[in-house]
Amino acid sequence: MQLVPTSEQDELRSAVRALLDKQAPRAVRATVDDGAGYDRDLWRRLGTELGVLGLAVPEELGGAGAGHVERAILAEELGRALLPSPFLGSAVLATDLLVGLDDRSGLLGALGSGERMAAVAGVLGPAGDVSVSGGGLRGSAGPVVDATDADDLLVVVDGVVHHLDATGPGVVRTPLRSLDPTRRHARVDLDGAAATRLGSLDSDALQRVRDLATVAIAAEQTGVMGAAVDRTVAYVSDRVQFGRVIGSYQAVKHGCADMYASTEQAVSAVRAAAWAADHDPDALPLPAAVARVFVGPAAFAVTNSMVQYHGGIGYTWEHDAHLFYKRAKSDELLSGPPGAARARLAELMKV
Amino acid sequence: MAEENWRERLRTWLAEHPPPPEAHTDVAAAQRYQAQLHDAGYAGLTWPKEWGGQGLGAVEAQAFAEESAAADLPTRPFMIGMGMTGPTLVDLGTPEQKRRYLPPLLRGEEIWCQLFSEPGAGSDVASLRTRAVREPDGSWVLSGQKVWTSNAQWADVAAVLARTDPDKPKHGGITMFVLDMRQPGVTVRPLVDMTGHAPFNEVYLDEARVPADGVLGEVDGGWRAATTMLGHERVSISGMRQRRGRGVTSAALTELAQRRDVAGDPLVRDRLADLYAHERVLELFTDRMRQETAAGVPVGARGSVGKLAGALLAHRGVEVAGHVAGADAVAWEVSDDGEGPGDDLALGIASAPAASIAGGTNEIQRSIIGERVLGLPREPAADRDRPFRDAPTGEVDRAAGSHV
């Protein structure tokens with residue numbers, strides 16, 4: 001199992017980070033403060049300039065043919081930058097469903113270039129009550145992550161994957177208020193919306209899509225953790241109280257050490273799970289479950305410490321600390337309560 | 001695949017040569033097994049060949065760690081030598097010292113201990129007071145008291161820190177020596193720990209002798225040698241699954257839950273899954289550090305992450321044990337063979353604090369991470385940059401009623 005990145009993987013990270021360092025802060029504030037949608041230009045640049053939106057898509061399906069280790073690096077950098085983007089809906093859930101279906105309709109290419117954005121209902125989160133009636137789909141689903149900005153919807157009903165034009169007749173998307181202002185969700189109401197049936201996936205194939213999403217979310221969380229550690233250490237190295245920088249006090253210094261220790265362990269867990277996704281797919285469920293059980297609470301604890309060690313300024317809207325805190329909590333709960341994650345792991349451990 | 005062949009041969013050898021059960025209680029049996037391991041080429045894997053090692057890489061070291069974990073090798077008597085003093089000799093020893101000490105260390109013929117801590121020098125090892133005075137012939141005479149010394153009851157040789165120049169600041173006047181434990185000036189007294197066992201000792205040095213060529217590293221350069229050794233110690237501790245903690249691992253507790261018919265209890269399942277995840281993630285972190293070492297990225301102070309996480313894991317195991325065992329961990333029948341079903345649990349529960357104290361407390365590990373990895377400012381110290389003999393001590397503080 002390879003837990004240390006190759007030099008190509010390091011280069012991928014630097015390239016993504018360089019672009020996001022320049023572009024993400026403005027995009028974050030546009031969404032958080034002005035309610036702007038996802039930045040389509042930036043998303044297209046990630047897709048075309050850097051070519052990183054189809055990293056885990058095989059070459060014969062028009063992707064980069066790299067792997068989940070590489071996609072985890074992208075996820076980490078997106079998390080570090082808190083970029084409001086359709087990563088989870090479009091580059092993870094929809095992409096993985098289409099790869100699972102061996103889909104050659106051209107949609108994978110459009111998602112990979114960043115030209116189009118997709119969202120998925122019926123895989124993560126509440127199932128909703130969508131059913132097939134006549135030629136169309138009827139019912140509601142939600143919250144559907146990234147549906148607000150989506151051009152395409154993939155709705156999974158009883159293992160069958162349906163493709164809908166998100167802006168077509170019979171589709172109503174109602175934006176929801178969310179804990180994390182950098183990730184947009186919607187309720188989707190379908191009233192006889194026309195759908196194309198793309199194919200069907202059995203329960204193992206659907207579980208693989210969920211496990212891959214688990215790895216991507218955990219990777220995003222490690223990016224959040226890394227940024228929280230870096231920013232907190234920078235702050236406590238600068239902030240002076242009682243005549244000393246507060247990072248020289250053990251209570252604060254030791255808290256930062258705990259943040260770092262959690263982060264380094266989380267990174268190890270994610271690398272192992274991403275490696276399994278590429279090299280040992282049958283064994284993926286266990287490391288994916290381990291990553292989720294460990295990283296979910298750890299990421300929240302780290303961002304909670306971030307707010308704490310920033311003191312009053314960390315509790316303001318203006319400072320970014322609350323965005324890390326909210327992203328960590330929302331990532332932890334996105335696929336259900338932490339207890340459900342541990343129950344699944346206990347199942348896999350054969351307790 | 002040379003690596004796969006090597007691993008396959010090792011696996012076969014371990015299957016054909018399991019350690020005898022008595023090797024865990026009888027040190028002579030453990031020594032005989034260690035000699036067998038060495039003869040088969042499985043001791044000192046990464047050490048240079050010329051000193052009796054195998055000259056292999058981190059890849060083989062990792063394969064050995066993985067393959068030998070299940071075999072439960074009787075490594076305890078050799079832990080200090082293999083994990084700490086040996087690697088330090090490789091780093092800092094003279095050719096003569098390496099020739100003299102490394103081969104018998106690897107064969108298990110000589111057992112080592114580490115004489116660092118003292119009653120007044122725990123977390124602050126550099127405040128140690130054991131004195132070493134040079135004789136006219138260049139040899140040294142050592143007097144003082146050491147404590148928490150694991151394996152001193154068996155040890156033939158010790159790496160000892162002593163103060164050679166009290167007029168220098170505390171870190172600057174210390175020297176590391178190689179001390180023959182089998183001499184009249186050395187007295188070893190077992191110290192019973194909170195599990196009821198005596199894995200460590202008090203060691204009294206009363207004019208103990210060290211020849212002139214017994215300095216490890218440089219005279220007054222002992223702090224550097226100690227830092228080198230403590231770095232090896234943290235790596236070796238974090239990679240170690242402690243025998244005594246075995247009763248409170250997720251594997252043992254899962255089995256216990258099934259035996260007690262509580263494996264269906266959602267709370268028990270929840271806690272077991274959480275424990276397993278933490279164990280597995282620490283293993284992955286340790287694997288990653290090994291791979292980074294193999295790739296030429298030194299682990300350095302990040303070794304403290306493993307040490308800290310291992311300690312927190314031991315305490316987590318104790319917490320989960322309560323959910324699984326309930327009152328069964330309180331009292332139990334002893335069978336005719338002198339063992340009882342709660343023995344391993346009790347040992348696991350009572351030994352957890354060792355993980356967060358020995359080899360540097362959690363507090364010290366957090367300071368190391370904070371200062372050396374994250375670059376936060378050092379703790380203020382009242383005794384830095386002044387002659388050690390003028391430094392404030394606990395006695396002075398109490399007499400004065402305040403800190404200096």
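Lettering of chains follows the sequences in order, A, B, ..., and the numbering in each one begins at 1.
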Practice item. Step by step, work out the side chain to side chain contact (heavy atoms under 4.5 Å, CB included) result for A:H254 and B:S367. Key: CA-CA 6 Å; A:H254 287 187; B:S367 287; 2.8 Å; yes
Exercise for review: Decide side chain to side chain contact (heavy atoms under 4.5 Å, CB included) for A:S237 and B:L376; before the verdict, give the C-alpha distance in whole Å, the side-chain angles of both, and the deciding distance to 0.1 Å.
Suggested key: CA-CA 6 Å; A:S237 300; B:L376 294 171; 3.3 Å; yes
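B:P266 does not touch chain A: none of its heavy atoms, backbone or side chain, sits under 4.5 Å away. Proximity to chain B is absent for every atom of A:V295, based on heavy atoms less than 4.5 angstrom apart. Both the backbone and the side chain of B:A263 come within less than 4.5 Å of a heavy atom of chain A. Contact annotation for B:E363: both backbone and side-chain heavy atoms come within less than 4.5 Å of a heavy atom of chain A. For a residue to count as touching a neighbouring chain, one of its non-hydrogen atoms must lie under 4.5 Å from one of that chain's; by this rule B:T254 touches chain A with the side chain only. Both the backbone and the side chain of B:E292 come within contact range of chain A, judged by heavy atoms closer than 4.5 Å. Looking at B:R378, only its backbone comes within 4.5 Å of chain A, counting heavy atoms on both sides. Using a 4.5 Å cut-off between heavy atoms, B:L272 contacts chain A through both its backbone and its side chain. Neither the backbone nor the side chain of A:M259 comes within less than 4.5 Å of any heavy atom in chain B. Proximity to chain A (any heavy atom under 4.5 Å) is shown, for B:V297, by neither the backbone nor the side chain.
Nearest heavy atom pair, residue B:L374 against residue A:A257, reads CD1-N, 4.1 Å. Nearest heavy atoms, B:L284 versus A:A269: CD1-CA, 4.0 Å.
Interface check for chain A: of the options B:G370, B:A273, B:S250, B:A277, the most heavy-atom pairs under 4.5 Å are formed by B:A273. Counting heavy-atom pairs closer than 4.5 Å to chain A, the top residue among B:L308, B:V268, B:L253, B:D270 is B:D270. Ranking A:R271, A:Q250, A:M1 against chain B, the residue ahead of the rest is A:Q250, based on heavy-atom pairs under 4.5 Å. Of all the listed residues (B:E379, B:R271, B:M289), the one sharing the greatest number of non-hydrogen pairs under 4.5 Å with chain A is B:E379. Contacts with chain B were tallied for A:V233, A:V252, A:V245; A:V233 has the most, counting heavy-atom pairs under 4.5 Å.
In this structure, B:D287 CG and A:Q2 CD are separated by 12.0 Å, a value rounded to the nearest 0.5 Å. In this structure, CZ in A:R342 is found 12.0 Å from CG in B:L275, a value given to the nearest 0.5 Å. In this structure, the separation between SG on A:C256 and CD on B:E371 is 12.0 Å, given to the nearest 0.5 Å.
More than 12 heavy atoms of other residues, nucleotides or ligands sit less than 6.0 Å from atom CD of B:Q258.
Contact annotation for residues 343-351 of chain A against chain B (heavy-atom separation below 4.5 Å, listed by residue number): A:L345, A:A346, A:E347, A:M349, A:K350, A:V351. Proximity to chain B at a heavy-atom threshold of 4.5 Å picks out nothing from residues 206-216 of chain A. Using a 4.5 Å heavy-atom cut-off against chain B, the contacting residues of residues 272-293 of chain A are A:A272, A:L286, A:V290, A:V293.
Side-chain contact between A:R244 and B:P380 is present, with at least one heavy-atom pair separated by less than 4.5 Å. Within the 4.5 Å cutoff, no side-chain heavy atoms of B:H278 are placed close to those of A:Q265.
Applying the salt bridge (Lys or Arg N to Asp or Glu O under 4.0 Å) definition to pairs two or more places apart or across chains, those involving residues 254-268 of chain A are A:D258-B:R366, A:E264-B:R288.
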